[in-house]
Each structure stands twice: as C-alpha cells, then as structure tokens.
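Below: the structure, in structure tokens.
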Amino acid sequence: MSDYAERRARMVEHQLRGRGIRDERVLAAMGEVPREAFLPEHRRDQAYVDAALPIGSEQTISQPWIVAAILQALELRGDEEVLEVGTGSGYSTCLLGRLAAHVISVERHAGLARAAAEHLRAREATNVELMVGDGSRGVPDRAPFDAIAVHAAAPAPPPALARQLAEGGRLVVPVVTGPEEMLTVLHRRGAELETTAIAPCRFVPLIGAEGF
Ligand code: SAH
C-alpha cells in the first residue's frame with residue numbers, strides 16, 4: 001500500500017468513522033478518492049491532516065470530516081441528479097460523482113474551475129459537469145435536483161436553491177448564525193421545507209445574488 005493510501009485509510013477510520021460518519025458508501029468513496037490529487041503540489045504531503053487547506057484564490061479544500069458530513073446528509077443512493085455550489089479543488093465533486101448518477105458543479109473562480117476540471121479528468125470522472133458563475137442562484141433550467149450541496153456559508157438557505165429541490169430532495173448548506181456557522185439540511189416535503197441542524201462549522205463566504 002502506498003504511503004498516501006495508508007494515511008487515507010487512517011483518515012477514514014479516525015476522522016470519519018471514529019467521529020460518527022456511518023454511511024458506508026460515503027466511507028468507501030472517501031477511502032478511494034485520493035485527496036492529495038486535488039491539492040497544489042506543495043501541499044500534497046498534508047492531504048490527510050484533520051483540517052481545511054488553502055487551494056489558491058483565497059479559497060480552501062474543506063476538512064475531510066465536514067465533506068463526509070455533507071455527503072452523509074445528502075443521503076445519496078446512486079441514482080440522483082445533484083447540484084454542487086463551490087467546486088473549489090474538485091475533491092467533493094469527484095466524491096459526488098461516485099455517489100450519485102450525475103453532478104453539475106458551479107464555481108465562481110474560473111482559475112479554480114480550470115484546475116478542478118484537470119484533476120477530475122485525471123480521475124476519469126465522466127458524470128460531472130463544471131460551470132463557472134454564481135451558483136447561489138442554482139441552475140434553474142436544469143432543475144429539479146434530488147440533492148444540492150453548498151460548500152460556502154450563506155446568510156440564510158438560498159430560496160432559489162430550495163425552489164430547485166425535487167420532492168423529497170435534500171439541500172445541505174452552512175448558514176451563518178453568529179460568530180459560527182451551522183451546517184443545515186433542508187428536506188423538501190411537498191410545499192414544506194423541514195430544517196435540521198447537523199453541526200457547527202466554518203466555511204468561506206458564499207458570494208453572490210443569494211449570498212453575501
Ligand atoms: N468543495 C470544495 C470546497 C470549496 S470552498 C472542495 O472540495 O475543494 C468553497 C468554494 O465556493 C470556493 O472555491 C469559492 O470560490 C466558491 N464559491 C463561493 N461563492 C460561490 C458562488 N456564489 N457560486 C459558486 N461558487 C462559489
């Protein structure tokens with residue numbers, strides 16, 4: 001086993017399973033996708049630390065546990081159409097591609113989207129589609145989505161995204177509640193949205209029409 005593979009396996013056991021991640025598909029995907037491949041060369045050695053890491057353009061790749069918490073809350077079974085807001089490095093995009101049928105991922109920084117596209121090509125992720133722009137508005141002409149993941153903190157759950165949820169669909173979004181943020185999941189049940197708080201967290205801000 002390579003050094004990275006060993007560190008990845010330890011990350012899954014200690015940082016994820018040891019801290020309450022129970023979805024076996026999420027654990028398996030995070031045991032397979034190499035986080036190091038989505039980092040700038042000089043940061044690869046830190047790939048399995050229990051933290052977010054800088055990826056350029058003042059943005060970060062999220063801490064492995066928070067990525068797992070988002071993926072688990074999306075309750076993916078494999079046949080879903082997913083929207084992701086905040087491609088960043090492309091790491092979470094790659095994982096979503098493994099866990100769902102198809103992913104549209106939107107990133108506002110063209111440079112990050114370009115690097116993510118290269119990383120995803122190298123991983124042969126063929127069921128993911130990248131777009132550059134303001135993802136806080138969603139992608140109305142491709143809606144509805146069974147699951148929507150937002151990787152940047154919003155002042156409130158973006159109404160445009162909630163409107164693009166299919167019946168029974170899940171929207172996971174970090175919402176600013178004070179000095180911290182709360183990772184929040186909204187379930188569409190008919191006209192109602194059922195809201196559940198998952199865990200406190202820290203994210204970069206969602207910049208856009210329904211962000212800051
Ligand atoms: N999921 C990423 C984490 C990215 S951090 C990963 O695994 O690496 C959040 C990202 O959201 C940043 O790259 C930031 O540029 C992007 N972002 C912020 N506001 C956005 C918006 N309105 N639309 C699309 N992307 C946005």
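First listed ligand is number 1; within each ligand, the first listed atom is number 1. All figures in this text were calculated on a predicted structure; none of them were measured in a lab.
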- Message: Can you report which non-hydrogen protein atom sits closest to atom 22 (N) of ligand 1, along with the distance?
- Response: Ile207 O, 2.7 Å
- Should Arg17 and Glu24 count as an ion pair when the cut-off is N to O under 4.0 Å? yes
- Among all protein heavy atoms, pick the one closest to atom 5 (S) of ligand 1 and tell me residue, atom and distance. Thr60 O, 3.1 Å
- Message: Set out, in order, the CA-CA distance, both residues' side-chain angles and the distance that settles side-chain hydrogen bond (donor to acceptor under 3.5 Å, both in side chains) for Thr87 and Glu107, then state yes or no.
- Response: CA-CA 5 Å; Thr87 315; Glu107 169 57 54; 4.7 Å; no
- Kindly identify the option in Arg35, His151, Gln63, Gln59 whose heavy atom sits closest to atom 14 (C) of ligand 1. Gln59
- Using a strict 4.0 Å threshold on nitrogen-to-oxygen distance, state whether Asp45 and Arg7 make a salt bridge. yes
- Message: Donor-acceptor check, side chain of Arg25 to backbone of Leu76, threshold 3.5 angstrom: yes or no?
- Response: yes
- Query: At a 4.0 Å threshold, what atoms of ligand 1 neighbour a non-hydrogen atom of Ser136?
  - Reply: 22 (N)
- Query: Any side-chain heavy atom of Val103 within less than 4.5 Å of one from Glu129?
  - Reply: no
- Task: Look at ligand 1 and say whether Ala209 reaches it with a heavy atom at a distance under 4.0 Å.
- Result: no
- Query: What protein heavy atom sits nearest atom 1 (N) of ligand 1, and how far away is it?
  - Reply: Ser92 OG, 2.6 Å
- Message: Under 4.0 Å between a side-chain nitrogen and a carboxylate oxygen: does that hold for Glu210 and Arg137?
- Response: no
- Note on the structure: The closest protein heavy-atom partner of atom 23 (N) of ligand 1 is Gly135 N, 2.8 Å
- Message: Would Ile61 count as a polar contact of ligand 1, with the cut-off being nitrogen or oxygen pairs under 3.5 Å?
- Response: no
- Note on the structure: Quick note on ligand 1: atoms under 4.0 Å from a heavy atom of Leu206 include exactly 19 (N), 20 (C), 21 (C), 22 (N)
- What residue and atom, counting heavy atoms only, is the protein's closest point to atom 20 (C) of ligand 1, and at what distance? Arg108 CD, 3.4 Å
- Item | Protein contact of atom 2 (C) of ligand 1 - nearest heavy atom, named by residue and atom, plus distance | Thr87 O, 3.4 Å
- Residues Arg77, Glu80: salt bridge by 4.0 Å N-O rule: no
- Leu206 and Val85, any side-chain heavy atoms less than 4.5 Å apart: yes
- Note: heavy atom closest to atom 18 (C) of ligand 1, options Pro158, Gly86, Pro205, Gly211, belongs to Pro205
- Query: Near His109, which atoms of ligand 1 are under 4.0 Å from a heavy atom of that residue?
  - Reply: 15 (O)
- Taking the side chain as every heavy atom from C-beta outward, state whether Leu95 and Met30 have any atom pair closer than 4.5 Å. yes
- Item | Shortest protein heavy-atom distance from atom 6 (C) of ligand 1, along with the residue and atom involved | Ser89 OG, 3.5 Å
- Message: Need the ligand 1 atom indices (1-based, order shown) with element for anything under 4.0 Å from a heavy-atom of Leu112.
- Response: 13 (O)
- Message: Please report whether ligand 1 has a polar contact with Asp134, defined as an N or O pair separated by less than 3.5 Å (distance criterion only).
- Response: yes
- Of Ile70, Leu161, Val172, Leu183, the one forming a side chain to side chain contact (heavy atoms under 4.5 Å, CB included) with Val150 is Leu161
- Quick note on ligand 1: atoms under 4.0 Å from a heavy atom of Val106 include exactly 24 (C), 25 (N)
- Any idea which protein heavy atom is nearest atom 15 (O) of ligand 1, and the distance to it? Glu107 OE2, 2.6 Å
- Message: For Asp3, is there an ion pair with Arg8 - N to carboxylate O distance below 4.0 angstrom?
- Response: no
- Only one of Glu36, Arg35, Arg10 clears side chain to side chain donor-acceptor pair (under 3.5 Å) with Tyr48; which? Glu36
- Item | Ligand-side contact atoms (ligand 1) for residue partner Gly133, heavy atom cut-off under 4.0 Å | 23 (N), 24 (C)
